[in-house]
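Accompanying notes for the structure given below.
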Amino acid sequence: EAQVTQNPRYLITVTGKKLTVTCSQNMNHEYMSWYRQDPGLGLRQIYYSMNVEVTDKGDVPEGYKVSRKEKRNFPLILESPSPNQTSLYFCASTGSGTTNEKLFFGSGTQLSVL
Amino acid sequence: TQLLEQSPQFLSIQEGENLTVYCNSSSVFSSLQWYRQEPGEGPVLLVTVVTGGEVKKLKRLTFQFGDARKDSSLHITAAQPGDTGLYLCAGVNDYKLSFGAGTTVTVRA
């Protein structure tokens, strides 16, 4: 089954403790992206990657890192999480990221930073 | 400030009624997408509109892209409880999607 898999689904952590949210897709997609969703703000793009070893900042990249060493994986790293990074995070992928491509989303990771 | 403004923010209607959700921007997009999101899940693409003035119909859902490619609307005819969800519009330019804040639609049986 074609899918985007995120782990974990729920994560509670404390300020400053490094964490990684994993994202994997099995569709051989070139384009992958991370979003955060906050009430009243919709989805905002954090980082995206157009291919292996190619990443770029989205609208809200501060406090986040990503890597794209393999085509299927695109982990999101929070080196020193802070409470304002408490949010619902989504990973998404698509074939090439151009205009008409369908974006496939994972089921989300609810992160709480205390 | 949202690049895309959706209205209304919340909409609660009775089964069988019609509804319209609006998505407006001052920016021009190469295309616009509509997604539906259910609690605990990621958004799922409903449609992509590409041409200014384009109208697409999917069963009871009608999507329209404005002539100037800055705005769009989603109209649901004879809404059903299964239409309940968060509807998101997203403007597309190159590799960038900009999402609206969403419209929460509740259809009461």
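Per chain, numbering begins at 1; letters A, B, ... match sequence-line order.
The contact between A:Tyr35 and chain B is made entirely by side chain atoms (from C-beta outward), counting heavy-atom distances below 4.5 Å. Contact annotation for A:Gln37: only side-chain heavy atoms (C-beta onward) come within less than 4.5 Å of a heavy atom of chain B. Proximity to chain A (any heavy atom under 4.5 Å) is restricted, for B:Gln37, to the side chain, taken from C-beta onward. Proximity to chain B is absent for every atom of A:Asp38, based on heavy atoms less than 4.5 angstrom apart.
Atom CD of residue A:Gln45 and atom CG of residue B:Leu97 lie 7.5 Å apart, to the nearest 0.5 angstrom. In this structure, the separation between OH on B:Tyr35 and CG on A:Leu43 is 9.5 Å, given to the nearest 0.5 Å.
In this structure, A:Val113 is not a member of the same hydrophobic cluster as A:Tyr10, with clusters built from ILVMFWY side-chain heavy atoms closer than 4.5 Å. Linking ILVMFWY side-chain heavy atoms closer than 4.5 Å, directly or via other members, places B:Phe63 and B:Phe65 in a single hydrophobic cluster. B:Val44 and B:Val21 are assigned to two separate hydrophobic clusters, defined by single-linkage of ILVMFWY side chains at heavy-atom distances under 4.5 Å. Connection of B:Tyr22 to B:Leu61 is not established within any shared hydrophobic cluster, with ILVMFWY side chains joined at heavy-atom distances below 4.5 Å, either directly or through further cluster members. There is a path of hydrophobic side-chain contacts, each under 4.5 Å, that joins A:Val21 to A:Tyr89.
Residue-environment remark: CD1 (A:Ile12) stays at or below the threshold of 12 foreign heavy atoms within 6.0 Å.
Across every non-hydrogen atom of B:Glu41 and A:Ser107, the tightest pair is OE1-OG, 3.5 Å. Nearest heavy atoms, A:Gly40 versus B:Ala101: O-CB, 3.4 Å. Between A:Phe90 and B:Gly42, the shortest heavy-atom distance links the atoms CE2-CA, 3.3 Å.
With chain A as partner, the option from B:Ala90, B:Gly40, B:Ser98 having the largest number of non-hydrogen pairs under 4.5 angstrom is B:Gly40.
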